[in-house]
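Note that the coordinates shown come from a computational prediction; the quantities given were computed from them, not determined experimentally.
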Amino acid sequence: MSAINATPESLNEILSGEDIAPASKASAGAAPVRCTPYFETESGKRFVEGTRTLLRNAIPPLLGMLLFVALWALVANSGGQIPGPGETWDAAVKLFSDPFYDNGPNDQGIGWNILNSLGRVGIGFGFAAAVGIPLGFMIGRFDFLNRMLSPIISILRPVSPLAWLPIGLLVLQRAEPASIWVIFISSIWPMVLNTAAGVQRIPQDYMNVARVLNLSEFKVFTRILFPAVLPYVLTGVRLAIGVAWLVIVAAEMLTGGVGIGFWVWDEWNNLNVAHIIIAIFVVGIVGLLLEQMLMLIAKRFSYE
């Protein structure tokens, strides 16, 4: 074994650490972790897909509305007497700033007129549903009744709603119930026909099972007819409410009183065309809301 001679100088170098190699920085720490961009995560992908779907659904209606407003402005600026979008908007802001004022029976806000029209529609439509839906069930259920009433329905259904107004005035002697009568006779046919069609399209096997089990007519209605025909009934109701809201405007123009139809006619007599255009939009929006509400109810119920 050879001896190692240690001098004071070599001991100082060893203690100072100059001959010891420093540790590698790469080996001391772990490799850096890559941060995933937000749009590559699951939530980011869902956000991108939702944005694309929203744009696909929103852009076509927006373009349609912009085209409509542009054509409207073009017609208004062509020298006619139709007010433009800006003038109509200003009139609407002023009109709806106080929609429920009441200065007497012939001067009430547009809010009262809309509510009165909706009230008449509700009464006439309710009577039509109470009569039309059971009648549709009976027509679809009993062939003899179907063949007996089919010619009458075929003759009366195409008659213009306003043709029934003089009959209502003659029999009822008052404008208010005459308007409700017109709504009733106009909105009853979609409910009758759709309900009858639903009953007639029930699979015959269901009725054969009911006959074998000797079910009563009440159980046939509650266990078979009503669940199967409900989507058809709701379709008829949705069509009928559109007809009822359409008819009330024309009926109120002729009968007078407080209502959106009378309000339109009164504004025409005052040559206030901007208010007439506002009323057109109001009638359309209210009708759309009524139909969409019934469509949501119809989607709630399904029969398999």
Side-chain angles (χ1 to χ4, degrees), residues 37-39 43-101 108-118 121 125 161 186-187 190 234-235 237-253 259-300:
Y38 173 73
F39 292 108
S43 61
K45 291 178 180 178
R46 288 195 299 268
F47 174 77
V48 171
E49 185 62 28
T51 304
R52 289 176 179 174
T53 303
L54 178 63
L55 291 176
R56 282 197 302 267
N57 295 334
I59 288 178
L62 289 176
L63 290 177
M65 291 301 297
L66 289 175
L67 178 61
F68 173 77
V69 172
L71 292 175
W72 180 11
L74 181 63
V75 172
N77 293 330
S78 63
Q81 297 181 352
I82 298 178
E87 183 180 350
T88 304
W89 174 260
D90 293 339
V93 171
K94 183 178 179 181
L95 184 66
F96 285 99
S97 62
D98 187 13
F100 292 102
Y101 73 86
Q108 295 187 13
I110 190 172
W112 293 119
N113 287 278
I114 295 173
L115 291 179
N116 276 272
S117 295
L118 286 173
V121 168
F125 178 80
S186 302
S187 59
L234 293 174
T235 300
V237 168
R238 181 172 59 86
L239 296 174
I241 196 65
V243 173
W245 184 245
L246 176 70
V247 168
I248 189 60
V249 177
E252 288 175 345
M253 285 184 177
I260 190 65
F262 172 74
W263 189 81
V264 171
W265 191 251
D266 189 54
E267 295 303 313
W268 165 248
N269 291 329
N270 295 329
L271 298 179
N272 196 337
V273 183
H275 282 187
I276 296 175
I277 296 176
I278 294 170
I280 291 173
F281 280 104
V282 168
V283 170
I285 292 171
V286 172
L288 177 64
L289 292 176
L290 290 174
E291 186 172 354
Q292 292 298 317
M293 178 183 67
L294 290 174
M295 287 182 65
L296 291 176
I297 296 175
K299 290 180 180 179
R300 174 64 179 82

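Rounding to the nearest 0.5 angstrom, the gap separating the CD atom in E267 from the CD1 atom in I277 is 12.0 Å. Residue H275 holds its NE2 atom at 13.0 Å from CD1 of I280, rounded to the nearest 0.5 Å. Here D98 contributes atom CG and I110 contributes atom CD1; the two are 12.0 Å apart, rounded to the nearest 0.5 Å. Interatomic distance, L66 CG to L71 CG, rounded to the nearest 0.5 Å: 11.0 Å.
The shortest non-hydrogen separation linking S97 to K94 is OG-O, 2.6 Å. Across all their heavy atoms, N113 and W263 have their closest contact at ND2-CD1, 3.5 Å. Nearest approach of V273 to P83, heavy atoms of both residues: CG1-CD, 3.6 Å. Nearest heavy atom pair, residue L239 against residue P190, reads CB-CB, 4.0 Å. Looking at every heavy atom in both residues, A279 comes nearest to V264 through CB-CG2, 3.4 Å. Between A274 and A91 the shortest heavy-atom distance is CB-CB, 4.0 Å.
Inter-residue side-chain proximity for S187 and V247 is flagged as unmet; no heavy-atom pair is nearer than 4.5 Å. Taking the side chain as every heavy atom from C-beta outward, L118 and L290 approach each other to under 4.5 Å.
Counting only residues at least two apart or on different chains, the salt bridge (charged side-chain N to carboxylate O under 4.0 Å, His left out) pairs with a member in residues 55-73 are E49-R56. Counting only residues at least two apart or in different chains, salt bridge (charged side-chain N to carboxylate O under 4.0 Å, His left out) contacts with residues 271-287 are absent. Within the structure, ring pair (Phe, Tyr, Trp, His ring centres under 6.0 Å) contacts touching residues 61-81 (residues at least two apart or in different chains) are W72-F281. Listed by first then second residue, pairs satisfying salt bridge (charged side-chain N to carboxylate O under 4.0 Å, His left out) with a partner in residues 68-86 number zero, not counting sequence neighbours.
In this structure, N272 contributes its side chain and W268 its backbone to no donor-acceptor pair below 3.5 Å. Panel note: side chain D266, backbone F262; no donor-acceptor pair is recorded below 3.5 Å. Under the 3.5 Å distance criterion, the side-chain polar atoms of W265 are left unmatched by any main-chain donor or acceptor of M253.
Environment of CD1 in I82: sparse, with no more than 12 heavy atoms of neighbouring residues, nucleotides or ligands closer than 6.0 Å.
For Q292, there are no side-chain hydrogen bond (donor to acceptor under 3.5 Å, both in side chains) partners, not counting sequence neighbours. Scored by the side chain to side chain contact (heavy atoms under 4.5 Å, CB included) test, V283 finds W245, V249, I260 as partners (sequence neighbours excluded).
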What's the verdict on side-chain contact (heavy atoms from CB on, under 4.5 Å) for I241 and L294, showing C-alpha distance, side-chain angles and the deciding distance?
CA-CA 9 Å; I241 196 65; L294 290 174; 3.2 Å; yes

Check the pair L63 / L67 against side-chain contact (heavy atoms from CB on, under 4.5 Å), numbers first and verdict last.
CA-CA 6 Å; L63 290 177; L67 178 61; over 6 Å; no

